[in-house]
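So that the names make sense, note that chain A is the first sequence line, chain B the second, and so on, each numbered from 1.
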Amino acid sequence: MARSYNPEEIETKWQAVWAREKTFYVANPTLQDMQKGKAGGATYILEMFPYPSGSAHMGHVKNYTMGDVIARFRRHQGRLVLHPMGYDAFGLNSENVAIQTGEHPAVFTERAIATINRQLRRLGVAIDWDREVVTCRPEYYKWTQWLFLQFYKKGLAFRKEAPVNWCPSCQTVLANEQVIQGTCERCSTEVDAKKLEQWFFRITDYAERLLEDFNKLENWPERVITMQRNWIGRSTGSDVIFRLAAKGAEHGSSAPATADSAVSAAGGVADPLDPLAGTEITVFTTRPDTLFGATFFVMAPEHPLVEEMVCGTETEEDCRRYIRQAMGASYIERSNAEKEKTGVFTGRYVENPINGALIPIYIADYVMMDYGTGAIMAVPAHDERDFDFALKFNLPVIEVISSPEEFKNPDGSMKEAYVGDGLLVNSSHFNGLPKTEAIRQVTEWLKEQGKADFAVNYKLRDWLLSRQRYWGAPIPIIYCEKCGQVAVPEKDLPILLPDITDYQPKGKSPLAAAEHFMNTTCPTCGGPATRDPDTMDTFVDSSWYFLRYASARRDDVAFEKAAVDYWLPVDQYIGGVEHAILHLMYSRFFCKVLYDLGLVGFEEPFKNLFTQGMIHYKGAKMSKSKGNVVNPDEHVAKYGADSLRSYILFIGPAESDVEWQDKGIEGVYRFINRVWRVSCEAIEAGWLATPAGATQGTLGPLPEEAELTAAEKALLVKTHQTIEKVTADIGERFHFNTALAAIMELNNEIVAARGGDDGGPAATSSGRRVLAEAVETLIRLLEPFTPHMCAELWEMMGRKSIWDAPWPEVDSRFLSLETVEMAVQVNGKVRDRLMISKDAAAADVIAAAKALPGVVKYVEGKTVVKEIVVPGKLVNVVVK
RNA sequence: GCCGGAGUGGCGGAAUGGCAGACGCAACGGUCUUAAACACCGUAGGGCUAUGCCCGUGCGGGUUCGAGUCCCGCCUCCGGCACCA
């Protein structure tokens, strides 16, 4: 009587063994060996670490199981695998809990960590827990602060006053990347624009390298690269210098209506009555070729020159009113491209450097201060937004790129903006040039006169890293009345986060009220000084945790260079696509800075990236608020970790969103039970025992091929085909669902070959040997998915640790049968089937095919025009 | 608006240009059982004048001996960005 499958018992037994024996512990090689490089097959498998907000959810189960399958698979392939885990433990969730309950965020966080840790161990994930990192503990954030100081010394961390995104609900500023369509990434509250002095990382200095180094990545999803590329938003064009005309200058010159006829005006002449006259205002444009079509000029309401410029003009009051209104508008109102254009004439003019024409300056909120220079030349004929504006304010539209008829009215005027290619017209000596050539020549011509230059612009903004919140790493900067802004000396790190009682943010960090924290002495002069009350964005913590794993317990360095250079870059990183920009771009930036500082020897942290899909339930993303959460613990309790792990990967492709089906896991559970039963039977029957004379822990040599019956040969072929498929599915394609399907097929064949429960047909010794081969392979292929059951079966076989067992190898002799079945088509439709030797010559295959009754019927009386043979698969006879 | 991705049975899904629907769920029939559960065996895209034939991978064209797969034009859904000059 075979033992019944009891996952609870088996799984807790093996989890205890793994914990006790530290099975998954991986020591760093000696310094000497590490310095020899990654030669020893060192492989770093990493999943994005969890944010401990309570307990693990199905998304975590999927993420960590996937990583575990790959880690175990690589291990069996003989690699030295690093597979660590940690917790992204600072952050707003715990702090908001603290505000509600008064409980210290550290207490809440440590409890959540303990829960998730227990869950991960209960899932049987092969993690080296000796390398665990927790970002909210001083031994970790000491080094976050230390890294901040390295950035600071390099001028890459700096303070500036700038318009920033403020979330009124979270009571803190946010980075651009944390604003999703004008709302806070965390709480979806609409953000306000506020002008504040804040800390930034100079990520814009790295924009070019962040783009270039995409080519250093081996295998990243194209869409993630595209998202980052769009976010960085590089565009090439020119900076063109316009000069502010003196008040009233426009009356002395011709109107700027026709470009070619314009004459140079008095724009550049200093005017004692108007100190601003002649001021240079630079614009960035991707279309310098359309400069002759610039009929007006627009500045953002926030532009620093605007206030002064409108002073004393007739429209001063209108301008001030408009600016007030524009600044008061919400981000969403402001950025709605659909809304009608608004703006106001400033009463002033600028001189177009290409022809000296004076064109009116408007203030309009469709020009943004945070892109380019906050001022644009407006070319209504060839820009849709400028066209809308010109229409509304009745400004001239001059065609300067020959436009197709459908863009024009019958009288030749522009009906809508034409942004496509064409030849220049109305553009003086540039007439006739094609667009791209004109872009170059116009810029060069102006450059010679010092009025323009080629320029590159990015959408990417510097990373705003300070937060007016409590639960984060304090910024290690001190403000002294005498010495100003002073970096905390490294020997004084960490700056410990003090305990406080009132976590409520009040527009500034709760730390600002903690006097014993705030009041300190200046490390330079010893005089009274105050600390920075802000904490760091949690994305700073997560931008380097993957480095810390390499030498997690070192307390004298953030990470050991030899160790990071040995293990990194990460060979396989796995996580949700929601981090496509935020975490993944910040980490890439950090890595490049650390490379420049000589702290790491590589410029990209993650060589291969896999982004998993989400698990939906009842048609929607699982969430507490929708009440459609499926609890992993319940399924572990009911079916065992092995079943849950397998099912979560079996549902569908790992990279796509999939729907959880309540009955689905039962099917996988049944499958696992069948594997258990068939394996136990084979083991108890002694088929899997090591025969006398064979190497310990092996099945001994296979019988000669000639001794095998057709059925035995078929099972052997199925076994090796399955090895081939599963190896490729796990190792190359991440198709865990089809890997499992293939293993299920093998199991089905074993069940069929073995016969019924009462004895079965395994009558011959060669048959038993082939069955043993199949069962042993089944267990080994399944180990990454169901490690507990496989460990138990392995032990029952009398073998040593399956964790250390090698991955099964394909024997190419057994990848196909001698005789294959081929489909026979006539004109592309299957009409018969043919059993024939796999090595049969094409001519013989065709002859045999044409003799089949189902084929003769369709070929008779027709002319054969073509015959196609796909070896081992199909024949197509084309007739007329 | 721009840039990605996806549309295949009742459901989740499978298929280097080569037999569409592997594998699993649900369903149905049977064996076992006093009975049920479990387990096991079997049936299963649709249609028809059924030993056979026709139709079928969102829609319409095309390339090819052969298209779920490649090309062109649409439709729908999902994701990202969005007055980016």
Q: Please work out whether the ring planes of A/F242 and A/F297 are parallel, tilted or perpendicular, with thresholds of 30° and 60°.
A: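 Rings of A/F242 and A/F297: tilted, as their planes differ by 30° to 60°.
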Q. 5'-most contact on RNA chain B: A/G372 or A/N737, nearest heavy atom basis?
A.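 Its nearest nucleotide lies further toward 5', so the answer is A/N737.
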(Q) Quick check: on RNA chain B, is the nucleotide nearest A/G667 upstream (toward 5') of the one nearest A/N827, or the reverse? Name the residue that is more 5'. (A)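 Nearest-nucleotide comparison on RNA chain B picks A/G667.
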Whole-angstrom distance between [N] and [M], as gauged at atom [atom1]:
{"N": "B/G21", "M": "B/G9", "atom1": "C1'", "answer": "7 Å"}
{"N": "B/A22", "M": "B/G10", "atom1": "P", "answer": "14 Å"}
{"N": "B/A15", "M": "B/C3", "atom1": "P", "answer": "29 Å"}
{"N": "B/C77", "M": "B/C72", "atom1": "P", "answer": "23 Å"}
{"N": "B/C59", "M": "B/A6", "atom1": "C1'", "answer": "16 Å"}
{"N": "B/G7", "M": "B/G13", "atom1": "C1'", "answer": "13 Å"}
{"N": "B/G17", "M": "B/A67", "atom1": "P", "answer": "14 Å"}
{"N": "B/G47", "M": "B/A39", "atom1": "C1'", "answer": "37 Å"}

Is it true that the side chains of [X] and [Y] contain a donor and an acceptor less than 3.5 Å apart?
{"X": "A/Y322", "Y": "A/T342", "value": "yes"}
{"X": "A/Q228", "Y": "A/R588", "value": "yes"}
{"X": "A/Y366", "Y": "A/D388", "value": "no"}
{"X": "A/Y639", "Y": "A/E666", "value": "yes"}

Within the 4.0 Å heavy-atom criterion, would you say [X] contacts the bases, only the backbone, or no part of the nucleic acid?
{"X": "A/K857", "value": "sugar-phosphate"}
{"X": "A/M822", "value": "nothing"}
{"X": "A/R733", "value": "sugar-phosphate"}

Q.
With the 90 degree cut-off around zero defining syn, does B/G9 come out syn or anti?
A.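 In terms of base orientation relative to the sugar, B/G9 is syn.
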Q | B/A82 glycosidic torsion: syn (within 90° of 0) vs anti | A |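 Here B/A82 takes the anti form, which means its glycosidic angle is more than 90° from 0.
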Sort out the partner of [N] for me: Watson-Crick or G-U wobble, both distances under 3.5 Å, none otherwise.
{"N": "B/A44", "result": "none"}
{"N": "B/C11", "result": "B/G24"}
{"N": "B/U49", "result": "none"}
{"N": "B/U63", "result": "none"}
{"N": "B/C74", "result": "B/G58"}
{"N": "B/G68", "result": "none"}
{"N": "B/G79", "result": "B/C3"}

Q: Measure from NZ or CZ of A/R831 to the centre of the six-membered ring of A/Y858, then state whether that distance is under 6.0 Å and the direction lies within 45° of the axis.
A: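 The answer is yes; both the distance and angle limits are met.
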Would you say [N] has OP1 or OP2 under 4.0 Å from some side-chain N or O of [X]?
{"X": "A/R674", "N": "B/C40", "answer": "yes"}
{"X": "A/R677", "N": "B/C40", "answer": "yes"}
{"X": "A/R670", "N": "B/C40", "answer": "no"}
{"X": "A/S656", "N": "B/A6", "answer": "no"}
{"X": "A/N748", "N": "B/G24", "answer": "yes"}
{"X": "A/K829", "N": "B/G18", "answer": "no"}
{"X": "A/R223", "N": "B/C81", "answer": "no"}
{"X": "A/R831", "N": "B/C53", "answer": "yes"}

Q) Side chain of A/P653: nearest nucleotide among B/G13, B/C65, B/G24? A)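 Nearest listed nucleotide: B/G13.
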Q) Which of these nucleotides, B/G52, B/C81, B/A85, is closest to any side-chain atom of A/Y858? A)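 Minimum distance to the A/Y858 side chain belongs to B/G52.
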Without decimals, in angstroms, what is the distance between [X] [atom1] and [N] [atom2]?
{"X": "A/I581", "N": "B/C81", "atom1": "CD1", "atom2": "P", "value": "6 Å"}
{"X": "A/K663", "N": "B/C23", "atom1": "NZ", "atom2": "P", "value": "21 Å"}
{"X": "A/L740", "N": "B/A14", "atom1": "CG", "atom2": "P", "value": "13 Å"}
{"X": "A/R287", "N": "B/C84", "atom1": "CZ", "atom2": "P", "value": "14 Å"}
{"X": "A/N176", "N": "B/C84", "atom1": "CG", "atom2": "P", "value": "16 Å"}
{"X": "A/I651", "N": "B/G12", "atom1": "CD1", "atom2": "P", "value": "12 Å"}
{"X": "A/D386", "N": "B/A85", "atom1": "CG", "atom2": "P", "value": "12 Å"}
{"X": "A/Q661", "N": "B/C23", "atom1": "CD", "atom2": "C1'", "value": "13 Å"}

Q. For A/K415, does the NZ atom sit with more than 12 other heavy atoms under 6.0 Å from it, leaving out its own atoms?
A.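 Counting other residues, nucleotides and ligands, NZ of A/K415 exceeds 12 neighbours.
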Q. With distance as the sole test, does A/K341 use its side chain to make a donor-acceptor pair with the main-chain N or O of A/K392 at under 3.5 Å?
A.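 Judged by distance alone, no pair lies under 3.5 Å.
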Q.
Under 3.5 Å, is there any donor-acceptor pair linking the side chain of A/K459 to the base of B/C81?
A.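 Checked by distance alone, the answer is no.
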Q. Under 3.5 Å, is there an N or O donor on one side and an acceptor on the other linking the side chain of A/N230 and the base of B/C81?
A.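 In this structure, the two groups form no donor-acceptor pair.
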Q | Side-chain ion pair, A/E177 and A/R461, N-O less than 4.0 Å | A |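 Looking at A/E177 and A/R461, the cut-off is not met.
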